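Lettering follows sequence order; numbering is per chain, from 1. What you see is a predicted model, and the numbers here were worked out from it, not measured in a lab.
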There are 2 protein chains.
Amino acid sequence: MDIKSVIRTIPNWPKHGVMFRDITTLLKDAKAFNYVINEFYERYKNDKIDSVAGIESRGFIIGGALAHKLNVGFIPIRKAGKLPSKTEREEYELEYGSAIVEIHKDAVESGMKILLVDDLIATAGTLAASINLIEKLGGKVVECAVIIELQDLHGRNKIEKKGHKLFSLVKFEGD
Amino acid sequence: MDIKSVIRTIPNWPKHGVMFRDITTLLKDAKAFNYVINEFYERYKNDKIDSVAGIESRGFIIGGALAHKLNVGFIPIRKAGKLPSKTEREEYELEYGSAIVEIHKDAVESGMKILLVDDLIATAGTLAASINLIEKLGGKVVECAVIIELQDLHGRNKIEKKGHKLFSLVKFEGD
């Protein structure tokens with residue numbers, strides 16, 4: 001299935017010069033949403049995944065569906081201050097300033113095999129920080145799975161340099 | 001299954017006097033998460049639902065899984081400024097101040113049967129505003145489905161006074 005055709009591009013959002021890839025048009029399309037979750041499911045169903053971790057907020061939609069389909073639990077990775085119990089936190093740099101992601105300390109047990117899910121990889125700042133969170137807690141990141149890879153931003157290099165694997169369903173280059 | 005036992009209560013979060021019901025302990029438990037999605041699935045599988053709408057952020061996890069299981073599309077209802085295309089917006093009152101939720105104008109077609117999903121109902125401010133959003137676009141809200149109902153806050157009355165239905169899996173009273 002050509003899911004690229006159901007991803008909407010919104011020029012100059014959230015700021016001038018950015019071509020935003022909007023997956024809400026994919027998610028509302030039952031066939032396309034079903035295709036995405038099934039592609040991931042087929043790839044990981046024999047990997048003995050213990051849990052799916054999804055990154056706030058769009059990663060929750062994909063990750064929640066995939067965790068259920070794989071019949072495992074779901075772990076939310078959230079922005080600073082959103083998780084109510086004790087957290088591990090990781091700060092990372094953005095183009096301007098920095099951001100923080102958090103995970104509950106009791107979300108991962110040592111040795112657990114975690115599949116890390118988000119909707120999109122750009123520079124991979126959030127994904128790399130999320131890998132660090134899982135590893136701090138003794139978890140093993142089986143792979144990072146995303147729908148969209150923005151190739152020009154070279155996030156894949158960042159993930160692979162860390163010794164990790166990335167899987168994307170759709171690649172965008174330039175505009 | 002007793003899912004109440006896997007919901008963690010965190011006193012005085014996010015502020016003094018609040019007993020926060022934390023579902024991350026439920027979500028990470030594969031059996032409990034599976035139970036929740038299956039309970040909703042069994043309830044709605046014959047209702048010819050066209051789409052599941054989930055409320056940011058925890059409603060995305062439940063709603064994403066349920067939409068996939070029902071083999072329908074997913075519609076995100078988000079906080080102000082998060083959706084990139086044209087939106088319908090609804091402002092509602094909080095204890096202090098107000099909040100805004102938004103939905104993409106092209107997310108719902110007239111006559112669509114929408115199942116509205118969130119993790120929890122408290123005063124029902126967000127749920128009621130989300131119902132309004134869907135109805136502004138001509139959608140029909142089949143039911144509001146949540147895991148947790150905080151009975152003392154009487155959100156059910158607010159939903160039922162609007163002529164809508166609420167379904168919850170677990171009820172909490174007081175502490």
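- Counting only distance, with no hydrogens or angles, the side chain of B/Asn12 and the backbone of B/Gly17 share a donor-acceptor pair below 3.5 Å.
- In this structure, A/Leu66 CG and A/Asn38 CG are separated by 9.5 Å, a value rounded to the nearest 0.5 Å.
- Checking side-chain atoms of B/Lys171 against main-chain N and O of B/Gln151 turns up no donor-acceptor pair under 3.5 Å.
- At a 4.5 Å heavy-atom cutoff, the contact between A/Leu83 and chain B is made by backbone and side-chain atoms alike.
- Heavy-atom distances place both the backbone and the side chain of A/Ser85 under 4.5 Å from chain B.
- Both the backbone and the side chain of B/Ala67 come within less than 4.5 Å of a heavy atom in chain A.
- Looking at B/Asp50, there are no atoms closer than 4.5 Å to chain A (heavy atoms on both sides), in backbone or side chain.
- Only the backbone of B/Lys82 comes within contact range of chain A, with at least one heavy atom under 4.5 Å from a heavy atom of that chain.
- Only the side chain of B/Phe20 has a heavy atom closer than 4.5 Å to any heavy atom of chain A.
- Contact of B/Pro76 with chain A is made through the side chain alone, with heavy-atom distances under 4.5 Å.
- Side chain of B/Glu56 to main chain of B/Lys79: a donor-acceptor pair is present (N/O by atom type, distance under 3.5 Å, no hydrogens or angles).
- Other residues, nucleotides and ligands place more than 12 heavy atoms under 6.0 Å from the NZ atom of B/Lys4.
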